[in-house]
Number of protein chains: 2
Amino acid sequence: MFTKVLIADDIDFNDLGAAQILNELDVLEIQYAKYCDEALLKIKKAHLDGAPFQLLISDLSFKADHQLNKLNSGEELIAAVKKQCPNIKIIVFSIEDRAHRIKLLFDELHIDGYVIKGRNTIYDLKRAIQKAYNNEPENVSPELLYLLQDKTTREIDNYDVRLIKYLSIGISQENMETVFKQEGISPNSKSSIEKQVSKLKIYFKANNTVHLVAIAKDLGII
Amino acid sequence: MFTKVLIADDIDFNDLGAAQILNELDVLEIQYAKYCDEALLKIKKAHLDGAPFQLLISDLSFKADHQLNKLNSGEELIAAVKKQCPNIKIIVFSIEDRAHRIKLLFDELHIDGYVIKGRNTIYDLKRAIQKAYNNEPENVSPELLYLLQDKTTREIDNYDVRLIKYLSIGISQENMETVFKQEGISPNSKSSIEKQVSKLKIYFKANNTVHLVAIAKDLGII
DNA sequence: AGTCAGATTGTGGTTTACCGTAAGGTGTTG
DNA sequence: CAACACCTTACGGTAAACCACAATCTGACT
């Protein structure tokens, strides 16, 4: 079993539960971080000291407060950690249950497991840690495995996400052409953008653009 | 101090932390509920048995799963509980930090305290329980008190919320007139609706309607 | 190079949104 | 009841979104 584990979670309440599980799994050294930056720092330090963490259990959302942080989400933390220590195992542990966001974690950040905080957390997290240790693939709870099958989320690519994102921050379709050209995003003609928005509306069964953005927000796509 | 407390939270992980705090406060009887319906049932039963709960600590969001529930949010649970047992004290305990939603809890459901799940949860919840026991007003953490001062949320009334809500589910301004008349919402002329949407856009500094709805969703207004 | 399918862009017309202004209603006050 | 402010509704013009169709470009294959 892992011997040195870091838990990154901004809710102090969760430490107790995590500690209990890791004790049951006979993990010797457990450290905690309440901020992303703090977590990265600890991982870097341990790495330099020649006693690296073997597992990071991280939440996704970290509340902003008076402390200024460079990293402000689990995604950013994980990307930074992977860059620094590619060998560390990473399990994400969050209440987020929207397939799209979770899918991205596996596909782009190559995490080693995902546990939804819920009614069976204690059991699920324990299993996930064991699976991560044994390098088992598809390290998610059964209900999530089902969610990840959902096509809806797979057929929405980065272009779509950025398009909807820009719509949601008030860029009109008129101006989208200019913005896309500045950002080097293609296709970027007014006509193409209209067409793509229209496709997305059909795809998500949205009556209009307002509806589309609301749906995308609900699904966690933006 | 309270002697009988119910905790309604669907994340099993949180039970440990809550139990620790309540033990420190010498609360004798602590019960847990993972579903809203379950929580209401326990409260009803205790009431009928002549040994009612004195305090309910409830989360706001409860995940849906295979179990069908009549009540599906903390708000619904609290409304139902208040109806049944007006004397029970209620503290809401959630990660929700958006002023608008919290404000509604105090103004319409008359809760006795609010604690944001965060880095100081253990301290904050303990204080909140003591304050609720002593009937102290404004039972929130200092940072939240500041948030609740924010005017933004006070000046948005029910009409605005419904308007934005309908926009977000794909009702065009064209059709809003018909919908509002059916629902008995007034004013309902196309002109009035246009005007109100326009006001809201100015208020929230939104470039267009899409942007407005996105902002409203981010603020937790809808 | 030539062909072709599919993607991208362009164009014109229709609908909806947007915005200013004016007309109509309602309630208050002297 | 006249005067007034304020709210609601109506109207008209402009801009943006929407939609169908046509033109152009692109890359793969022969």
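The sequence lines fix the lettering, A, B, ..., with proteins before strands; numbering per chain opens at 1.
Under the 3.5 Å distance criterion, with hydrogens and angles disregarded, a donor-acceptor pair is assigned to the side chains of B:T121 and A:D12. Side chain to side chain, A:Y32 and A:D9 fail the donor-acceptor criterion of an N or O pair below 3.5 Å.
In this structure the side chain of A:H47 never reaches within 4.5 angstrom of the side chain of A:F53, judged on heavy atoms.
Per the geometry, CD1 belonging to B:I202 stands 12 Å off C1' belonging to C:dG20, to the nearest Å. In this structure, NZ of B:K195 is placed 10 Å from P of C:dG20, rounded to the nearest angstrom. Put simply, CG on B:L200 is 12 Å from P on C:dC18, counting in whole angstrom units.
In summary, B:D59 and B:K117 engage in a salt bridge, as defined by a charged side-chain N under 4.0 Å from a carboxylate O. Using a 4.0 Å cut-off between a side-chain N of Lys or Arg and a carboxylate O of Asp or Glu, B:E75 and B:R101 qualify as a salt bridge.
Judged by atom type and distance alone, A:S191 reaches the base of C:dG10 through a side-chain donor-acceptor pair under 3.5 Å.
For A:P187, the listed nucleotide lying nearest its side chain is C:dT8; candidates were C:dT11, C:dT8, C:dC18.
The outermost nucleotides of DNA chain D lying under 4.0 Å from heavy atoms of chain A, listed 5' to 3', are D:dA16 to D:dC21.
For the salt bridge (charged side-chain N to carboxylate O under 4.0 Å, His left out) condition, the pairs that include at least one residue of residues 184-212 of chain A, sequence neighbours left out, are A:E174-A:K190.
Counting non-hydrogen atoms of other residues, nucleotides and ligands closer than 6.0 Å to NZ of A:K181 gives a total above 12.
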Under-3.5 Å N/O pairs linking protein and nucleotides 13-17 of chain C:
| from | atom 1 | to | atom 2 | distance (Å) |
| --- | --- | --- | --- | --- |
| C:dA17 | OP1 | B:Q173 | N | 3.1 |
| C:dA17 | OP2 | B:E174 | N | 2.9 |
| C:dA17 | OP2 | B:E174 | OE2 | 3.4 |

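A:K89 places a side-chain N or O within 3.5 Å of a backbone atom of A:A132 that can act as its donor or acceptor partner.
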